[in-house]
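In what follows, a single structure is set out as structure tokens and then discussed.
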Amino acid sequence: MLNKSFFNFLTLNLISSKQKHIAIFLLSIIIIFILSSVLFISKSLQYTMMQTLDQQADFTIQKLRAGKVVDTPQDWADEFITIDGVTASNARVYGQYWYEPDEKYFTIVGIDMFEPNIVKNLNNLIKDIDIKEFLSKPYMIVGSGVKEFLANYHYFKEYNFRTPSRSIQKVYIYDVLPKDINIVSNDTILMPIDLAKKILGIDEDKSTDITLSVPNKLERENIKIKLILKHFDSRIILKEDIQKAYENMFNYKGGLFLILYIVVLVTFILILYQRYNTISSSDKKHIGILRFLGWSIKDVLYLKVLENLIIAISAFVVGIILAYIYVFIFNAPFLSNIFFGFNNISNDVQYVPYIPFGLFFTLFFFFVVPFISAVLIPVWRVAIIDPLEAMR
Amino acid sequence: MIKIQNLNKIYNENKQNQFHALKDINLKVKKGELLILKGVSGSGKSTLLSIIAVLSKPTNGKLLVNDEQVSRLPDFHTSLFRTNHIGFIPQAFNLFESLDVQNNVQIPLIPLNLTQEQINKKVNIAMNLANIQHKHNQTVNLLSGGEKQRCAIARALVNNPELILCDEPTANLDKQNSVKFLEIIKQLNKLGKTIVIATHDSIFDNLDIAHTLVHMDDGMIIA
């Protein structure tokens with residue numbers, strides 16, 4: 001059955017009835033395009049986030065007072081490094097600086113230029129800096145979102161921070177962080193640790209939190225207990241907890257889109273089913289003629305399934321290609337706002353192409369299978385009736 | 001070749017709109033015979049033809065073709081039987097209007113898993129027999145009524161069937177084309193084909209070749 005003449009007939013049939021199929025084809029492309037774009041964005045963000053989180057410290061410890069997080073004594077870092085299994089300990093300084101006129105905030109991160117940081121990507125960002133020059137004046141390195149934001153207010157080279165003691169601290173822009181890490185660094189400002197403390201109002205002997213490196217995963221639970229025994233008034237956050245929190249956030253957003261997609265898909269399948277159910281008289285006649293000429297029900301179903309499989313697969317491929325171009329080449333204008341619309345500072349993200357194979361399979365399965373089923377049942381119902389009746 | 005015994009066809013059986021289309025039909029058609037089924041519209045000719053073509057099943061009775069009971073075969077076998085043994089020329093031609101003659105003629109051969117070479121050979125023979133070879137590339141919707149019928153004839157002949165069934169073959173043709181059709185039928189009959197024609201056209205009354213005339217009325221054979 002699946003010979004050259006069959007495929008020739010199939011092609012001719014498709015060409016001659018192209019007007020009938022065009023609406024379904026275009027609708028399918030739109031559905032696949034929107035769904036794949038959302039999934040591409042979501043997976044790319046998730047991938048970048050997880051890559052970044054993977055470079056974070058294994059432990060983050062914050063001091064609590066009456067259940068509230070307060071600044072952590074810096075000497076805790078020296079204390080924790082003595083625990084067996086802890087290979088590095090850093091006192092971290094970071095915080096949010098509120099820009100009142102526009103109700104936005106920047107994330108200030110203080111960096112110790114003389115000590116290797118546990119957060120590996122932070123080391124990468126500052127490795128090419130000329131330390132002598134960077135420390136010669138109050139300098140900062142800003143995320144590209146911050147750079148653009150400040151430029152809108154005509155702060156092109158420096159910005160005057162207001163400290164909690166009401167003094168003004170002028171800080172000069174030394175460099176801009178690369179755009180490809182915008183997802184995590186868009187609103188970030190890196191500056192020397194002492195300068196950061198001054199602007200955020202943190203005492204000299206305090207820090208925001210303490211980070212630890214514990215390479216042996218099996219040791220982590222023991223170390224957690226030791227930390228609690230040393231300082232019961234502390235909050236201990238594991239890297240895995242942060243990863244889980246992010247995963248939950250993405251699953252939540254992804255889940256919302258999945259529900260929306262299912263609603264759209266069900267509507268589409270109903271349209272498709274309805275369309276074939278109220279099969280046109282010419283379609284009915286064609287099936288009748290084929291049956292009349294000796295085609296079995298199976299042969300007719302083969303033809304119709306393949307006919308619609310070609311439409312579904314073509315629409316699927318075109319939709320995927322368009323989504324890829326839209327997300328990874330044009331950086332998903334409009335749709336990005338769904339993910340970053342409520343962001344602090346507008347984020348000009350560059351998506352990293354990351355598409356797991358399973359994603360294609362899921363998309364294909366949830367689109368093509370319902371598509372073919374919706375067509376198959378009405379066609380079968382016509383194919384089993386008396387050919388003479390179908391031809392009338 | 002064809003043996004019909006006590007055959008009945010009842011539409012909508014046991015319903016208010018029940019209709020007895022064929023009543024106790026008994027008929028024999030010998031191999032190579034030309035049989036003309038005559039009768040007015042609604043006399044049951046087309047229903048009988050569709051049962052012979054195993055397009056519909058009788059309510060009861062037997063249909064034997066070459067001593068094989070074909071009226072109760074399952075779908076796959078009836079389809080295969082139709083492709084291999086029967087060529088049907090319907091009144092409305094029932095062609096794929098957007099395809100050309102050649103592609104229309106080859107449709108019955110597609111499910112048979114033949115090579116393209118075999119298909120082309122059979123299609124060419126059929127088109128020559130039906131005298132439509134010169135229009136092989138012409139789209140059907142651009143053909144005249146007579147040409148469409150010759151295309152339908154070629155399609156019916158493409159698998160070299162033993163039995164050819166024609167339902168009101170001249171109903172949509174002018175006199176000139178009707179005469180041409182008769183010429184083709186005579187030629188096919190000479191080739192040994194068994195032919196059954198259901199018609200009410202008087203052109204078939206005085207054929208100059210041997211034939212059997214059967215009259216039908218109200219679902220019964222009356223002569």
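Chain naming here is simple, since letters A, B, ... match the order of the sequence lines and numbering starts at 1 in each. Values below: all heavy atoms of this structure, side chains included; hydrogens, waters and symmetry mates excluded.
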How about B:Lys3: does its NZ atom have over 12 heavy atoms from other parts shown lying under 6.0 Å from it?
no

So, do A:Phe371 and A:Phe316 have ring centers that fall under 6.0 Å from each other?
no

Please indicate whether B:Lys62 has more than 12 foreign heavy atoms, meaning atoms of other residues, nucleotides or ligands, lying under 6.0 Å from its NZ.
no

Portion of B:Ile107 that has a non-hydrogen atom of chain A nearer than 4.5 angstrom
both

Atom group of B:Leu114 that falls short of 4.5 Å from chain A, counting heavy atoms
backbone

Looking at B:Glu117 and A:Lys4, is any side-chain nitrogen of the basic one under 4.0 Å from a carboxylate oxygen of the acidic one?
no

Region of A:Leu388 in contact with chain B, defined by heavy-atom distances below 4.5 Å
side chain

Counting only heavy atoms closer than 4.5 Å, note whether B:Leu95 contacts chain A via side chain, backbone, both or neither.
backbone

Tell me, for B:Leu99 versus chain A, whether the close heavy atoms (under 4.5 Å) come from the side chain, the backbone, both or neither.
side chain

Does the plane of the ring in A:Tyr47 sit parallel, tilted or perpendicular to the ring in A:Tyr354? Use 30° and 60° as the thresholds.
parallel

